[in-house]
Each structure stands twice: as C-alpha cells, then as structure tokens.
There are 2 protein chains.
Amino acid sequence: MDHATHTHAKAPQGKGADPTRIERLCIERGLKMTGQRRLIARVLSEAEDHPDVEELYRRAIALDSKVSIATVYRTVRLLEEKGILERRDFGGGRSRYDPADRGHHHHLIDVDTGTVIEFEDEEFERLVEGIAARYGFTLVQQRLELFGKKADAAPDARRRPGPGAGPGAKKDGE
Amino acid sequence: MDHATHTHAKAPQGKGADPTRIERLCIERGLKMTGQRRLIARVLSEAEDHPDVEELYRRAIALDSKVSIATVYRTVRLLEEKGILERRDFGGGRSRYDPADRGHHHHLIDVDTGTVIEFEDEEFERLVEGIAARYGFTLVQQRLELFGKKADAAPDARRRPGPGAGPGAKKDGE
DNA sequence: CTACGTGCAAAGGATTTGCCAGGCT
DNA sequence: AGCCTGGCAAATCCTTTGCACGTAG
C-alpha cells in the first residue's frame, strides 16, 4: 500500500504544492502540465480503485470545477498512450483506468456486489510466461479477470442490466 | 471464404435440415426458434473465430437476407444471457462472441498481426480456482488474455525511441 | 510568441428499444 | 389464437472532435 506522499513541501502556493506520482510521470514524458492536467493527475494518484471517466470527472470537479468532461477524456487517453495509465474493461461499456505504476496485478470481481479485489500471483506469472513461450511468443501484456461470488453468501440477486450496457460491476465499492 | 452447402443443394435452407449445436442449445433453453434465430445459430455454430455483431450480421445476410442488425444484437444478447454465448472484448469497441460450448479456452493475441490463438491449460484452471478460494470465492467466470509478439520473427525495424521510456506502440484492435 | 490545451456542443459509433406487423408453438 | 419475435428507425450511451480562445514553455 502506498501511503500519502509525505513531501515536506506543503507551501500553500495555490495548487502546485507537491507533485503527485502521476504528475511527475507526465513531466518526465514531456507533457505540458496545465492546471486541469495537474488536477486529473492528482485525482489519479489518489485513486485506489479503478474509476471510469465519469467518476474521474466527478472527483476532479469536486476539487476544482474548471474542467470539462472532454478534457478528462482527452487527458486519460493521452496518459494511456504515454503508458502512464492502463485502460481496463470490466464489461460495463465504460473503460476503467488504472495507474500503470501501481505494479502488476489482476482482478477478482464479486459479481454480486461489484467489488473489485486486486491480487498478484507469482505462480500465475510464471505459468503464462510458459504458455506464451509454448507458442513462441513473448508477452507484451496480459489480462486476467476472475468473476466469482462469495462461497457462503449466495443470495441470488437478480440484477437486470436494463437500458444501458451489459452486466458488469458498475461500482468499485470504496 | 465460405463454400456452398453440398448437403441439400435443393432445399433453399428451409429449416429442419440438421440442427446445429447452438440451435440445439437454444431449444434446450426453451427459446422459440424462428427462422432468423436458426440462421444466426447456424452462423455461430460454423464460426471458428470470434466475430462481432456486424460480422455475424454480414454472414447471416449472406445466407438469408431477411435479418436486421437489430435482431442480431437481440439474439446475441439473448444467447449470452442464456449462457450459450460468451461476450468477449479484445479492445476494439465492439464485442466479440464466442460459443460457450466450445469448451473453456483463453486467448493469446499477436499484437503485431492481430491473430487470435485459442488455448486451454489445466494448470491454469487449478491455479485460478485456488486464487478464488483464497479469497473465499467460487468462480463464475474467468477471463485470460495474453498479448504478445512472436519471439523470433520480429525484425521490427520501426524502432521509435520516444521521449522517456515505454514502447507506446498502440496497435489496438483491428 | 507560438504551439498546444481546453470548453462547449455537435458529431459519431455501437447497442438498445418502442411500436406494430408477422411467425412459431 | 396468443405471445413473443423481427424490422425499422429513433433513442441512448460513451467517446471523439471542430472551432475559437487562453496559456505553458
């Protein structure tokens, strides 16, 4: 778990107080850092879940209402191209974003509650490397998503997707 | 390329010829089998790949031009809900479909060519069961996608050393 | 100062749905 | 004959984009 960045520089200088992990990465990649990008970078750095664009937008305007959803889309796309963010799809029509610097992990989604559990597994890593090698491939990326339900609690919650996208975890319980 | 049906060349695909796997499943699930559903079932049964709705539609009208894309969407969604089809997302904005009765398999996508290789792996199955159990879950569904490139045949001459690090080669779906 | 970022709204692509006609059991 | 399906097009949902202006470097 990464705790808050305890950089001593806390001078209340408007906004550019302590550069977040994401912001630092942006600068490294030579991105022009504007107020809204800094804001979005901060939201992303503080996110511990996998927010979609709408959610990012909501969190951003909560801090500073001078961002448009279009900018969030643009920024998120830019960061993805720069390898700073990873776009995920848990099957809900909307893309979810995951800071790439958080390390490799996979997801276990509770189909009843929509909760997303992150996990890592060395054995799995070795296994897939082996599978790829078996076909003469070198892995560039991998995606593992497990959808399950709590072994004990099995209240059949019939959730109708309704007008929208298919079934999927819409909330990232947090 | 698809070849002409050499079985009953006389009967213009009336119905009741040879019920396809998918059609049989539909009947088992108590679905009303209409002409277009039978048609779509046939297309799906014959598909060896992972077509998207548009592709299914194309193949369907090639056999019988009396289907609308809306029906394909509806049918495909219905079959997914009945567990006859599995919806996949290889990242291209469109959903791809996979008959669930083909057995459990995963995908290895060649990021250079877009080729999709299917594979199964018992060890993997055991491993994920274990991971789920570790968190007290029973697996309902799982998704494993490997993206890689050929280890040998990859004389990629387009080395693009960008600012900072990261390949950034974003060759998304087809 | 110049190139690039941003806002707004309209465009766009994929998928869904209302309504009425028609087919399957 | 009834209920459900299928067509068509309008409606949604998510995401992208054109244009005019503000700002980082």
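Atom set for the values below is all heavy atoms of this structure, side chains included, hydrogens, waters and symmetry mates excluded. Treat the numbers as computed from the prediction; the structure is a model and nothing was measured.
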Whole-Å distance between [N] [atom2] and [X] [atom1]?
| X | N | atom1 | atom2 | answer |
| --- | --- | --- | --- | --- |
| B:Arg38 | C:dG23 | CZ | P | 14 Å |
| B:Ile61 | D:dG6 | CD1 | P | 16 Å |
| A:Tyr57 | D:dC14 | OH | C1' | 15 Å |
| A:Arg94 | D:dC13 | CZ | P | 10 Å |
| B:Arg96 | C:dA14 | CZ | C1' | 15 Å |
| A:Glu54 | D:dT15 | CD | P | 9 Å |
| A:Met33 | D:dG22 | CE | C1' | 17 Å |

Answer yes when [X] and [Y] have at least one side-chain N-carboxylate O distance shorter than 4.0 Å, and no when they do not.
| X | Y | value |
| --- | --- | --- |
| A:Arg58 | A:Glu55 | yes |
| B:Glu23 | B:Arg42 | no |
| B:Arg59 | B:Asp49 | yes |
| B:Asp98 | B:Arg88 | yes |
| A:Asp101 | A:Arg21 | yes |

Query raised in the report: Can you find a pair of side-chain heavy atoms, one from A:Leu144 and one from A:His107, that are under 4.5 Å apart?
Result: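 No, every pair of side-chain atoms sits at 4.5 Å or beyond.
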Query raised in the report: Below 4.5 Å, heavy atoms only, C-beta onward: do A:Thr75 and A:Val67 meet side chain to side chain?
Result: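 Counting from C-beta outward, A:Thr75 and A:Val67 never come under 4.5 Å.
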Query raised in the report: Is there a side-chain polar atom (N or O) of A:Arg77 under 4.0 Å from OP1 or OP2 of D:dT17?
Result: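 Yes, A:Arg77 has a side-chain N/O under 4.0 Å of OP1/OP2 on D:dT17.
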Query raised in the report: Any side-chain N or O of B:Tyr73 less than 4.0 Å from the OP1 or OP2 oxygen of C:dT16?
Result: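 Checking B:Tyr73 against C:dT16: no side-chain N or O falls below 4.0 Å of OP1 or OP2.
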Query raised in the report: Excluding sequence neighbours, so at least two apart, what forms ring-ring contact (aromatic ring centres under 6.0 Å, His included) with A:Phe124?
Result: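 So A:Phe124 forms a ring-ring contact (aromatic ring centres under 6.0 Å, His included) with A:His106.
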Query raised in the report: Just by modelled atom types, is the B:Met33 backbone N or O under 3.5 Å from a matching donor or acceptor in the B:Arg38 side chain?
Result: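 Judged by distance alone, yes, a pair lies under 3.5 Å.
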**Report entry** Global bending angle along the helix from C:dC1-D:dG25 to C:dT25-D:dA1, which compares the axes of five pairs at either end, to 10 degrees
**Finding:**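 Inter-axis angle at the termini of the helix from C:dC1-D:dG25 to C:dT25-D:dA1: 40°.
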Report task. Would you mind telling me which of C:dT16, C:dA14, D:dT15 lies closest to the side-chain atoms of A:Val53? Result ->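 Given the options C:dT16, C:dA14, D:dT15, the side chain of A:Val53 is closest to D:dT15.
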Query - Base versus backbone protein contacts along nucleotides 3-8 of chain C [heavy-atom cut-off under 4.0 Å; B, S, -] - result: BSSBBB
